[in-house]
Engineer: 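The following block contains the structure, expressed as structure tokens.
What you see below is based on every heavy atom in this structure, not just the backbone, and it leaves out hydrogens, waters and symmetry mates.
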Amino acid sequence: MAVWGAAWSRSLLAVSLLLPVLLHADARPANMSASKDKNPTTKDDNEILPQDHLNGVKLEMDGHLNKDFHQEVFLGKEMEEFEEDSEPRRNRKKLIEIFTKVDFNKDRSVSAKEMQRWIMEKTEEHFQEATKENKNSFHAVDPDGDGHVTWDEYRIKFLASKGFDEKEVAEKIKNNEDLKLDEETQEVLESLKDRWFQADNPPADQLLNEQEFLSFLHPEHSRGMLKYMVKEIVRDLDQDGDKKLTLSEFISLPVGTVENQQAQDVDDDWVRERRREFKEVIDSDRDGIVTMEELEEYMDPMNEHNALNEAKQMIAVADENQNHNLELDEILKYSEYFTGSKLMDYARNVHEEF
């Protein structure tokens, strides 16, 4: 199984997660979901790179669970408005506004169907945002503006983003000269090249148009690229080569020394969460094996059946009166689950504000 190193920089994580990098035996798996930078300072450098994290998708590119998934499909593009240091009263007011929108029939409670509808709307928002950002990214790698990008055009821009001289690289590629890249950069390029050609829809012409480039950056936008993403994840977790995942493969950790109790607790939580997700959600036929088809269905952000199951799960977390609906006081009490932000005195003046 491939083990991903925590020492990689954030910019390299954007593509390193596609590579089976073998580290030292006592290396520990980095939980990218728990520590991912929601507002990377190097966004300009990374705008042409496939990202580890995809909003509204349950798994990261490295196979880790997306720990912000609930918040992403509940808040959509409003996620940034709920920062940890935001004013609690403002956040409470905003959450009440969201509740009234989710409550489509205005009966002051949210049903699973209403939550499902909302999740699909918020997921679509993420799709639209990715499409909008892709226009800028595509123009950045299409210098001649012909509406198509060659692999050479892309790798010139990629290497320039890594500090190489763009004109020098372009000249060497034109003359078919050795670029003299370090091993790490060469591995990243090889992985990107494989992904590039996967995004090239039939008939393959080794050129990507804007829609194909969107699939290159965001595989969740294309059924073919979603399948590719699933194959990559299965390949990296599958220990016996049967192209399926058992529970032990999905939750396995590399053998290593636990540095301290805090590290042990992180590992215990990681295993516990993955075991629950495998048994209760991903393994849909409950046979103890996850096929590529099951994983693909699980990861498809526009799967309405998944959205309904997610809606039921989200409601169950906060459904204290066990009526299978979500009331305003419940969502305010469990605000951290839905928004990532705690609201102090959540019940204060709820009825007056509502």
Engineer: For the residue pair Gln313 and His70, what are the closest heavy atoms and their distance?
Structural biologist: NE2-CE1, 3.8 Å

Engineer: So Leu159 and Leu189, side chain to side chain contact (heavy atoms under 4.5 Å, CB included) or not? Walk me through it.
Structural biologist: CA-CA 9 Å; Leu159 291 172; Leu189 264 180; 4.1 Å; yes

Engineer: Has the side chain of Asp238 got a donor or acceptor atom that lies under 3.5 Å from a matching backbone atom of Lys243?
Structural biologist: yes

Engineer: Is there a salt bridge (Lys or Arg N to Asp or Glu O under 4.0 Å) between Glu72 and Lys122 once you walk through the steps?
Structural biologist: CA-CA 8 Å; Glu72 290 168 359; Lys122 297 296 106 177; over 6 Å; no

Engineer: Tell me, do Asn325 and Asp319 make a side-chain contact under 4.5 Å, heavy atoms counted?
Structural biologist: no

Engineer: Check whether any side-chain N or O of Glu212 sits under 3.5 Å from a backbone N or O of Asn209 as a donor-acceptor pair, and report yes or no.
Structural biologist: yes

Engineer: With a 3.5 Å distance limit and no angle check, can you tell me whether Asp236 reaches the backbone of Asp62 through a side-chain donor-acceptor pair?
Structural biologist: no

Engineer: The test is side chain to side chain contact (heavy atoms under 4.5 Å, CB included); show your working for Ile233 and Leu295 and say whether it passes.
Structural biologist: CA-CA 9 Å; Ile233 291 174; Leu295 192 58; 4.3 Å; yes

Engineer: What I'd like to find out is whether the side chain of Val290 reaches to under 4.5 Å of the side chain of Tyr298, using heavy atoms alone.
Structural biologist: no

Engineer: Judged by modelled atom types alone, do His218 and Glu133 share a side-chain donor-acceptor pair under 3.5 Å?
Structural biologist: no

Engineer: Does Lys312 NZ have over 12 foreign heavy atoms under 6.0 Å away?
Structural biologist: no

Engineer: Specify the closest pair of heavy atoms between Lys231 and Met292, including all atoms of both residues, with the distance to one decimal.
Structural biologist: CG-SD, 3.7 Å

Engineer: Output a table of donor-acceptor pairs, distance under 3.5 Å, between side-chain atoms of residues 166-174 and any protein atom two or more places apart or on a different chain; print 'none' if there are none.
Structural biologist:
{"unit_1": "Glu166", "atom_1": "OE2", "unit_2": "Lys157", "atom_2": "NZ", "d": "2.9"}
{"unit_1": "Glu171", "atom_1": "OE2", "unit_2": "Asn175", "atom_2": "ND2", "d": "3.1"}

Engineer: Between Arg272 and Asp269, is the closest basic N to carboxylate O distance under 4.0 Å?
Structural biologist: yes

Engineer: Report yes if some heavy atom in the side chain of Lys333 is under 4.5 Å from a heavy atom in the side chain of Glu320; otherwise report no.
Structural biologist: yes

Engineer: Identify the heavy atoms of Glu114 and Val102 that sit nearest to each other, and give their distance.
Structural biologist: CB-O, 3.5 Å

Engineer: From Leu95 CG over to Ile331 CD1, what is the distance, rounded to the nearest 0.5 angstrom?
Structural biologist: 4.5 Å

Engineer: Supply the atom-to-atom distance Glu310 CD to Ile119 CD1, rounded to the nearest 0.5 angstrom.
Structural biologist: 5.5 Å

Engineer: Output yes when a side-chain donor or acceptor of Asp182 lies under 3.5 Å from a complementary backbone atom of Thr185, and no otherwise.
Structural biologist: yes

Engineer: Hey, which of Glu183, Glu184, Glu190 is the one that makes side chain to side chain donor-acceptor pair (under 3.5 Å) with Gln186?
Structural biologist: Glu190

Engineer: Is Met225 reachable from Met302 through a run of hydrophobic residues whose side-chain heavy atoms are each under 4.5 Å from the next?
Structural biologist: no

Engineer: Check whether any side-chain heavy atom of Phe99 sits under 4.5 Å from a side-chain heavy atom of Leu332, and report yes or no.
Structural biologist: no

Engineer: With a 4.5 Å cut-off on side-chain heavy atoms, are Ser137 and Leu217 touching?
Structural biologist: yes

Engineer: Is it the case that Ser284 and Glu297 place a side-chain donor and acceptor less than 3.5 Å from each other?
Structural biologist: no

Engineer: Which heavy atom of Glu220 sits nearest a heavy atom of Pro301, and at what distance?
Structural biologist: CB-CG, 3.9 Å

Engineer: Take Phe164 and Leu179, measure what side chain to side chain contact (heavy atoms under 4.5 Å, CB included) needs, and give me the verdict at the end.
Structural biologist: CA-CA 10 Å; Phe164 290 83; Leu179 296 177; over 6 Å; no

Engineer: Not counting sequence neighbours, list each pair that qualifies as a ring-ring contact (aromatic ring centres under 6.0 Å, His included) and has a residue in residues 173-202.
Structural biologist: Trp151-Trp196, Tyr154-Trp196, Trp196-Phe216

Engineer: Show your reasoning for whether salt bridge (Lys or Arg N to Asp or Glu O under 4.0 Å) applies to Glu296 and Arg223.
Structural biologist: CA-CA 9 Å; Glu296 183 182 337; Arg223 176 60 66 177; 2.6 Å; yes

Engineer: If only atom types and distance count, is the side chain of Arg275 paired as donor or acceptor with the main-chain N or O of Ile251 below 3.5 Å?
Structural biologist: no

Engineer: Start with the C-alpha gap between Leu65 and Leu59, add the side-chain angles, then the distance that decides, and say whether side chain to side chain contact (heavy atoms under 4.5 Å, CB included) holds.
Structural biologist: CA-CA 5 Å; Leu65 297 178; Leu59 286 185; 3.5 Å; yes

Engineer: Kindly compute the distance separating NE2 (His305) from CG (Asn309), expressed to the nearest 0.5 Å.
Structural biologist: 4.0 Å

Engineer: Does Val188 offer a backbone N or O that forms a donor-acceptor pair with the side chain of Ser191 under 3.5 Å?
Structural biologist: no

Engineer: Looking at Glu124, I want to see if its CD is surrounded by more than 12 non-hydrogen atoms of other residues, nucleotides or ligands under 6.0 Å.
Structural biologist: yes

Engineer: Should Glu232 and Arg195 count as side-chain neighbours, where that means a heavy-atom distance under 4.5 Å?
Structural biologist: no

Engineer: For the backbone of Thr150 and the side chain of Glu153, can you confirm whether one donor and one acceptor N or O come within less than 3.5 Å of each other?
Structural biologist: yes

Engineer: May I ask you to decide if Glu78's main-chain N or O and Glu81's side chain share a donor-acceptor pair within less than 3.5 Å?
Structural biologist: no

Engineer: With the 4.5 Å side-chain cut-off for hydrophobic clustering, are Ile315 and Phe104 part of the same group?
Structural biologist: no

Engineer: Do you know the tightest heavy-atom contact between Tyr334 and Ala318?
Structural biologist: CD1-CB, 3.5 Å

Engineer: Once rounded to the nearest 0.5 Å, what's the spacing between atom CG of Asn55 and atom NZ of Lys77?
Structural biologist: 13.5 Å

Engineer: Apply the hydrophobic cluster definition, ILVMFWY joined by side-chain contacts under 4.5 Å directly or through others, and give me every member besides Ile289.
Structural biologist: none

Engineer: To the nearest 0.5 Å, what is the distance between CG on Asp103 and CG on Leu326?
Structural biologist: 10.0 Å

Engineer: Can you get from Phe127 to Val57 by hopping between Ile, Leu, Val, Met, Phe, Trp and Tyr side chains that sit under 4.5 Å apart?
Structural biologist: no

Engineer: Where the side chain of Arg235 meets the backbone of Gly241, is there a donor-acceptor pair that is under 3.5 Å apart?
Structural biologist: no

Engineer: Determine yes or no for a side-chain-to-main-chain donor-acceptor pair under 3.5 angstrom, with Asp142 supplying the side chain and Gly147 the backbone.
Structural biologist: yes

Engineer: With heavy-atom distances below 4.5 Å as the criterion, would you say the side chains of Glu249 and Asp240 are in contact?
Structural biologist: yes

Engineer: Tell me the closest heavy-atom pair linking Pro219 and Met61, and the distance in Å.
Structural biologist: CG-SD, 4.3 Å

Engineer: With no hydrogens and no angle check, just 3.5 Å: does a side-chain donor-acceptor pair link His221 and Gln211?
Structural biologist: no

Engineer: Measuring from atom CG of Asn306 to atom CE of Met120, what distance do you get when rounded to the nearest 0.5 angstrom?
Structural biologist: 9.5 Å

Engineer: Other residues, nucleotides and ligands only: do more than 12 of their heavy atoms fall within 6.0 Å of CD on Gln206?
Structural biologist: no

Engineer: Within a strict 4.5 Å, meaning less than it, do heavy atoms of the Thr291 and Asp285 side chains meet?
Structural biologist: no

Engineer: With a 4.5 Å cut-off on side-chain heavy-atom distances among I, L, V, M, F, W and Y, is there a chain of contacts connecting Leu247 to Val230?
Structural biologist: yes

Engineer: Would a hydrophobic clustering, with Ile, Leu, Val, Met, Phe, Trp and Tyr connected at side-chain separations under 4.5 Å, put Phe338 with Leu308?
Structural biologist: no

